[in-house]
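Values below: every heavy atom of this structure, side chains too, minus hydrogens, waters and symmetry copies. None of the values given here were measured: they were computed from a predicted structure. In what follows, chains carry the letters A, B, and so on, assigned in the order in which the sequence lines appear, proteins first and then strands, with residues in each chain numbered from 1.
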Amino acid sequence: MDDFSWLGLPVEEAARRLLGCELERTLGPETLRVRIVETEAYSQDDPASHTFSGRTARNEAMFLGPGHAYVYLSYGIHSCLNIVVGREGVGEGVLIRAAEPLEGRDTMALLRGRGGVALTNGPGKLGQALAIDLGLSGHDVALAPLRLLRRPPLGEERVVVTTRIGITKAAELPRRFYDRDSGYVSVRARPVAR
DNA sequence: TGGACGATTGACT
DNA sequence: GTCAATCGTCCAA
């Protein structure tokens, strides 16, 4: 059993540490496994967060405490996965924006209807490749059929920090993190000014 | 109870 | 580069 106490860290730190960790999705006899390469931090005091206006039926899972999954439907089409972090009762989470396939690539390609980096290089794509749906919202990621596997943190020099993608509110905040060495990052650009 | 709105993607010009 | 798809959620009425 993995120790997930580190998910109780402040959301930006948790978002950094999720880089390099793995997700294992079991579908009957099939096992799909990916390595997380891109994340975004969302906290309750953040106008861009689904929890900004408080607890609702949709975002309930975001308040269940660290180690739960929060899944939302984007544009009525795409299921996107978050890992809830921070303190129980506070709506904080990390959007998993992209990952690298490690195991079960063929099944992911079938689920996606295409291959290459387009398999998992975006939040909606990853959701489809791992057969994520709204039913998994609130799921405990210590358990099958969707498990988070801890891995050592990436070296500081490998982590690129940028503004978040596709939001209109609080768009200037540097709360996106990705692995510089991965080819599965969704958008390369917008490095934070130095 | 209805209408506007996305933490996106893929097809097309 | 532009743009439509598609539906759960939220809030105004």
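- Going from atom CZ of Arg147(A) over to atom NE2 of His139(A) covers 9.5 Å, rounded to the nearest 0.5 Å.
- Between Leu146(A) and Ile132(A) there is a side-chain heavy-atom pair separated by less than 4.5 Å.
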Which donor-acceptor pairs under 3.5 Å do side chains of residues 113-122 of chain A form with protein atoms, sequence neighbours excluded?
unit_1, atom_1, unit_2, atom_2, d
Thr120(A), OG1, Ala99(A), O, 2.5
Asn121(A), OD1, Lys125(A), NZ, 2.9

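- The list of salt bridge (charged side-chain N to carboxylate O under 4.0 Å, His left out) pairs with a residue in residues 84-101 of chain A, not counting sequence neighbours, reads Arg35(A)-Glu100(A), Glu38(A)-Arg97(A), Glu40(A)-Arg97(A).
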Inset, instruction - Report, as a single string ordered 5' to 3', how protein heavy atoms within less than 4.0 Å touch nucleotides 7-13 of chain B: B base, S sugar-phosphate only, - not at all. - result: BBSSS--
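- Counting heavy atoms from C-beta on, the side chains of Val94(A) and Asn82(A) never come closer than 4.5 Å.
- Looking at Thr39(A), its side chain does come within 3.5 Å of a backbone N or O of Ala15(A) through a donor-acceptor pair.
- In summary, Glu13(A) and Arg17(A) engage in a salt bridge, as defined by a charged side-chain N under 4.0 Å from a carboxylate O.
- Considering only residues two or more places apart in sequence or on other chains, Arg25(A) meets the side-chain hydrogen bond (donor to acceptor under 3.5 Å, both in side chains) condition with none of them.
- Within the 3.5 Å criterion, the main-chain N or O of Val159(A) finds no donor-acceptor partner in the side chain of Asp179(A).
- Stem regions annotated for DNA chain C: B:1-6 with C:7-12, B:8-12 with C:1-5, counting only runs of 3 or more consecutive pairs of Watson-Crick or G-U type with both contacts under 3.5 Å.
- For DNA chain C, the contact window with chain A, defined by any atom under 4.0 Å from a protein heavy atom, covers dA5(C) to dC10(C) in 5' to 3' order.
- The OG1 atom of Thr51(A) lies 8.5 Å from the CG atom of Asp45(A); values are rounded to the nearest 0.5 Å.
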